[in-house]
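What follows is a single structure, written as structure tokens, with notes after it.
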Protein chains: 2
Amino acid sequence: MSMTAGKRVGIKQVAEAAGVSASTVSQVYNHKGEASSATREHVLSIGAQLGYRPNVLGQALRSGRSRVIGVVVSYRDSAVWDQTYLPYYRNIIAGAAIEAVEHGYAISAAPSNEHGLTDTFLPLDGVIVVDPIPGDLVVEQCLATGMAIITDGGYETSNSAARLVTVRSDMDKGIPKVLDHLQAESAASVFRPALFVGPRLDSYTVDTIRAYKKWCEVAGFEAAVTTPEPSQSPLDAARTLLARGIRAVTAVHCLNETYCAAIFEAAAELGISIPDELQVSVAGNAAAMGAERRAVYLNLDPVETGARCARALISLLEGNDVTDIVEEVTLVPASQVVG
Amino acid sequence: MSMTAGKRVGIKQVAEAAGVSASTVSQVYNHKGEASSATREHVLSIGAQLGYRPNVLGQALRSGRSRVIGVVVSYRDSAVWDQTYLPYYRNIIAGAAIEAVEHGYAISAAPSNEHGLTDTFLPLDGVIVVDPIPGDLVVEQCLATGMAIITDGGYETSNSAARLVTVRSDMDKGIPKVLDHLQAESAASVFRPALFVGPRLDSYTVDTIRAYKKWCEVAGFEAAVTTPEPSQSPLDAARTLLARGIRAVTAVHCLNETYCAAIFEAAAELGISIPDELQVSVAGNAAAMGAERRAVYLNLDPVETGARCARALISLLEGNDVTDIVEEVTLVPASQVVG
DNA sequence: TTGAAAGCGCTAACAT
DNA sequence: ATGTTAGCGCTTTCAA
């Protein structure tokens, strides 16, 4: 155990007990193999005997690597934050924390505001930025300092020296999957799928819209993308969308749980029955709180995503080449409980 | 931003620019008020100008405080771990991480095994131990080193010097609440409430059993506590319990989601209808994945609990007196969706 | 009120 | 192959 309290055994104690110098001990513990195997064994056995654990703080200070990675929690704006982003971040954080510890890293949630990353007390070896927008302030700041970055969501940069890896869900496959499913299950005489997204143009949204439009084009349907006007609530936008009538809109795919909830509420108000008169699908965690059993889920597992991001970042920090990651998304039909 | 990469400005740069010594700068930034307000202002303004942020690693090394707190993830044993503990821990971790960062602390998930805490790489200022059992190895280890500890769940120690604070749910109030509710809703001619718990005698289980027995005694019912035999699965135990018949058992309170799921499965097998023939209640997160709408929930919010634990620990670390915390639990009736 | 010096635990040049 | 020296950024006596 490397605890703080109590008199811990340090490199010096081991050095003394083993009758060697501190640097030899250090050398044995790190650059495995420049010491004679005799001393090596000896030092190691003494170390084990004394219960020596290198103090990471010392290592960190000396090497400039803190073994702490940040998970950037973007600027929070009210309702949407609480409903969707906060739960999502929590899961990302938890997944990243559990993965990180396996590799000897700790997690620091790193809040950001309109000025970018706010004070993160511990120096960060790298960061995970969730859902950046193009030219994201936090990403650009980190890029500028040469920090290693993982984005959960696509990100374009011209910075060729960047240590930046993206992790994103494969909407190019997922969206057709869910639209095909909706069409196959559709009871309407004419299938009319709409897309309901938010105003924030992060890559997730952009990818979703692109895939939707492409599917419509290929399948010969007219694309209908609805976005709340500035200052319009998701619920209002949903009302407007559904007011077109159940012949104009027979199915809606929602960007996330927030928009899905708005659709359900608007449908209830208008006396539209789901899924009989209106099919609803949503990208989100089918196993999450208040998951809507009447909706089709394009299942996202944020805990796993968090773990994946942490793994990628750590791999990057260890000096490996890491390529962008595209996550598969699975389809969970309506009324199906997820184990 | 206190990032690692790039040439950060340190105490020396500030000292030089301000024309004072490093120790004066340090003094200004820490023991607010031993420098003349003139120098103070000056140093602060130069510091701000240069964007100086104390390097926590340096501080930590010198002061022996790492500003990292551990969340101990207990020994994981297979199925129960995945179903109940892992989700619970995740939420605790996320809640603790978000709370911690507000106070300048990072979180390290700290895995433990049968030998206690395994290597946690960063030195910990304190730990949060979830659901310790009496004489818990991890708790005792930490106690021995004088580390600050928060237990999520009651814990008894004779160590008077201990910096140990417990955070627990108020089962003494919660259990009567849920049993009263079940009794009031009961359709059976004779109300017969059973309790279904696990073999692990952590304080949460013990508290639950105690409160249940007391309620039965006061209300004049016979107490019936069911625990899986060693090597018996929860499902098997549930089968045995329900096999007694719907007149012998009209209601079951389950310790957690694992036991609740077992009851539901066994009931389905036996053709017992819930809640008509059998009332089921469970202590857990009513807003969680796969929450059972037919069950009555004694609602636990692990994210909030995690935050509370972190807050208590940090307060302890800052040298405050912190008293044990008892969390209220609320009742969520069956078939009610939680916002 | 301020500064000089020592050192937290460790690693990396450099010397031997 | 091993030891010596210096110093990462900071705090903390202790002296001025």
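Predicted model only: the values in this text are computed from it and were never measured. The sequence lines fix the lettering, A, B, ..., with proteins before strands; numbering per chain opens at 1. Only this structure's heavy atoms are used, side chains among them; waters, hydrogens and symmetry mates stay out.
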- Task: Test V20(B) against every option in I46(B), V28(B), V14(B), V43(B) by the side chain to side chain contact (heavy atoms under 4.5 Å, CB included) rule and name the one that passes.
- Result: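 That would be V43(B).
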- Message: Which residue is it: L313(B), I150(B), I149(B)? I am looking for the one with a side chain to side chain contact (heavy atoms under 4.5 Å, CB included) to V165(B).
- Response: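 Considering L313(B), I150(B), I149(B), a side chain to side chain contact (heavy atoms under 4.5 Å, CB included) with V165(B) is found only for I150(B).
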- Message: Which residues pass the side chain to side chain donor-acceptor pair (under 3.5 Å) test with N320(A), not counting sequence neighbours?
- Response: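 Testing N320(A) for side chain to side chain donor-acceptor pair (under 3.5 Å), a comparison that skips the adjacent residues, returns S315(A).
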- Query: Partners of S26(B) by side chain to side chain donor-acceptor pair (under 3.5 Å), sequence neighbours excluded?
  - Reply: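 Residues passing side chain to side chain donor-acceptor pair (under 3.5 Å) with S26(B): N30(B).
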Each nucleotide N or O in nucleotides 4-8 of chain D that has a protein N or O under 3.5 Å away: list the pair and distance.
from   : atom 1 : to     : atom 2 : distance (Å)
dT4(D) : O4     : S23(A) : OG     : 3.0
dG7(D) : N2     : R62(A) : NH1    : 3.0
dC8(D) : OP2    : K12(B) : NZ     : 3.4
dC8(D) : O2     : R62(A) : N      : 3.4

- Message: Regarding Y88(B) and D152(B), do their side chains bring together a donor and an acceptor under 3.5 Å, going by distance alone?
- Response: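 There is such a pair (donor and acceptor under 3.5 Å, judged by atom type) between the side chains of Y88(B) and D152(B).
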- Message: At 10 degrees resolution, what angle do the end axes of the helix from dT1(C)-dA16(D) to dT16(C)-dA1(D) form when each is taken over five base pairs?
- Response: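 What I find for the helix from dT1(C)-dA16(D) to dT16(C)-dA1(D) is an axis angle of 40°.
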- Message: Looking at Y52(B), I'd like to know whether one of its side-chain N or O atoms comes within less than 4.0 Å of OP1 or OP2 on dC10(D).
- Response: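 So the side-chain polar atoms of Y52(B) do come within 4.0 Å of the phosphate oxygens OP1 or OP2 of dC10(D), strictly under.
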- List for me each residue that meets salt bridge (Lys or Arg N to Asp or Glu O under 4.0 Å) alongside R308(B), sequence neighbours excluded, and say none if there are none.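 For R308(B) the salt bridge (Lys or Arg N to Asp or Glu O under 4.0 Å) partners, ignoring immediate neighbours, are E304(B), E327(B).
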- Query: Mind checking which nucleotides bracket the chain A contacts on DNA chain C, 5' to 3', with an atom under 4.0 Å from a heavy atom?
  - Reply: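 Using the under 4.0 Å cut-off, the span is dC8(C) to dA12(C).
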- Item | Backbone of G10(A) reached by a side-chain donor or acceptor of R53(A) within 3.5 Å |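 Absent.
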- Message: If I take atom CD1 in residue I11(B) and atom C1' in nucleotide dT12(D), what distance separates them, rounded to the nearest angstrom?
- Response: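 The distance from CD1 of I11(B) to C1' of dT12(D) comes to 12 Å, rounded to the nearest Å.
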